[in-house]
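Read the structure below first, then the notes.
Residues: numbered from 1 along the sequence shown.
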Amino acid sequence: MIRVALSSFPDEEVAAGIVRTLVSEGLVACGTLVPGARSFYRWQREIEESSETLVIFKLPAEKFDSFAARLISLHPYEVPELISFAPDAVHPPYADWVCGPGSA
């Protein structure tokens, strides 16, 4: 089973470095960078606005806990965004690629 996780980063360079680390360590199959995100949020009682890079991670569900711990340890934010979900439909060959044969 696949998990999809989302996290935002301060810029493309930081995001790319962390994605490369997570892929090389085998914790994710893929991380897709979506630069140009614009975030509005409340932080320490102030309304903030930031340009960020969103990353969409695809990984085997059984690696989620290890992935989450490693992502948080690498992330530069004090409170990193980490949202995940299990898609209800995945193209079987893609699931095989992400999780290994027989996972779909």
Side-chain angles (χ1 to χ4, degrees):
M1 180 179 286
I2 289 179
R3 296 291 296 182
V4 175
L6 307 174
S7 189
S8 55
F9 295 86
D11 59 51
E12 208 170 335
E13 184 178 330
V14 169
I18 291 173
V19 170
R20 186 174 303 280
T21 296
L22 294 169
V23 170
S24 70
E25 292 177 357
L27 294 171
V28 300
C30 177
T32 302
L33 280 66
V34 184
R38 188 171 168 196
S39 297
F40 295 84
Y41 54 94
R42 185 177 299 277
W43 182 251
Q44 298 178 350
R45 298 184 181 176
E46 299 290 328
I47 301 297
E48 302 285 337
E49 177 182 350
S50 298
S51 293
E52 297 182 297
T53 295
L54 177 67
V55 177
I56 305 166
F57 293 100
K58 284 73 70 171
L59 62 144
E62 66 271 9
K63 292 187 178 183
F64 181 78
D65 290 342
S66 297
F67 154 77
R70 184 67 168 133
L71 175 69
I72 290 166
S73 77
L74 295 169
H75 208 290
Y77 288 168
E78 184 177 336
V79 181
E81 173 186 16
L82 178 53
I83 300 167
S84 77
F85 57 91
D88 62 0
V90 179
H91 182 53
Y94 187 78
D96 286 347
W97 176 74
V98 169
C99 300
S103 64

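- Clustering ILVMFWY residues whenever any of their side-chain heavy atoms sit less than 4.5 angstrom apart, transitively, puts I83 in a cluster other than the one holding L71.
- Closest of all the heavy-atom pairs between G26 and K63 is O-NZ, 2.7 Å.
- Looking at every heavy atom in both residues, A16 comes nearest to L33 through N-CD2, 3.8 Å.
- Rounding to the nearest 0.5 angstrom, the gap separating the OG atom in S7 from the CD1 atom in I56 is 11.5 Å.
- V4 and V19 are assigned to two separate hydrophobic clusters, defined by single-linkage of ILVMFWY side chains at heavy-atom distances under 4.5 Å.
- F57 and I72 fall within the same hydrophobic cluster, defined by Ile, Leu, Val, Met, Phe, Trp and Tyr side-chain heavy atoms under 4.5 Å apart, directly or through other members.
- When all heavy atoms of L27 and S66 are compared, the closest pair comes out as CD2-CB, 3.8 Å.
- Partners of E25 according to the side-chain hydrogen bond (donor to acceptor under 3.5 Å, both in side chains) rule, which considers only residues two or more places apart in sequence or in another chain, are R70.
- For A61, the side-chain contact (heavy atoms from CB on, under 4.5 Å) partners are M1, R3, not counting sequence neighbours.
- Note on L6 and V90: same hydrophobic cluster, where clusters join Ile, Leu, Val, Met, Phe, Trp and Tyr whose side-chain heavy atoms are under 4.5 Å apart, directly or indirectly.
- With sequence neighbours excluded, the residues forming a ring pair (Phe, Tyr, Trp, His ring centres under 6.0 Å) with F64 are F67, listed by chain and number.
- Here ring-ring contact (aromatic ring centres under 6.0 Å, His included) pairs that include residues 14-38, with residues two or more places apart or in two chains, number zero.
- Among residues at least two apart or in separate chains, there is no salt bridge (Lys or Arg N to Asp or Glu O under 4.0 Å) pair with a member in residues 12-23.
- Residues passing the side-chain contact (heavy atoms from CB on, under 4.5 Å) test with V14, sequence neighbours excluded: F9, P10, D11, I18, P76.
- Shortest non-hydrogen contact noted between I2 and C99 is CG1-SG, 3.7 Å.
- In this structure, V55 is a member of the same hydrophobic cluster as V23, with clusters built from ILVMFWY side-chain heavy atoms closer than 4.5 Å.
- Sorted pairs that involve residues 73-85 and meet salt bridge (Lys or Arg N to Asp or Glu O under 4.0 Å), not counting sequence neighbours, are lacking altogether.
- Put simply, OG on S8 and OH on Y77 are 5.0 Å apart, with the number rounded to the nearest 0.5 Å.
- Going from atom CG of L74 over to atom CG of L22 covers 6.0 Å, rounded to the nearest 0.5 Å.
- Listed by first then second residue, pairs satisfying side chain to side chain donor-acceptor pair (under 3.5 Å) with a partner in residues 32-43 read T32-K58, R38-E49, S39-E52, Y41-S50, not counting sequence neighbours.
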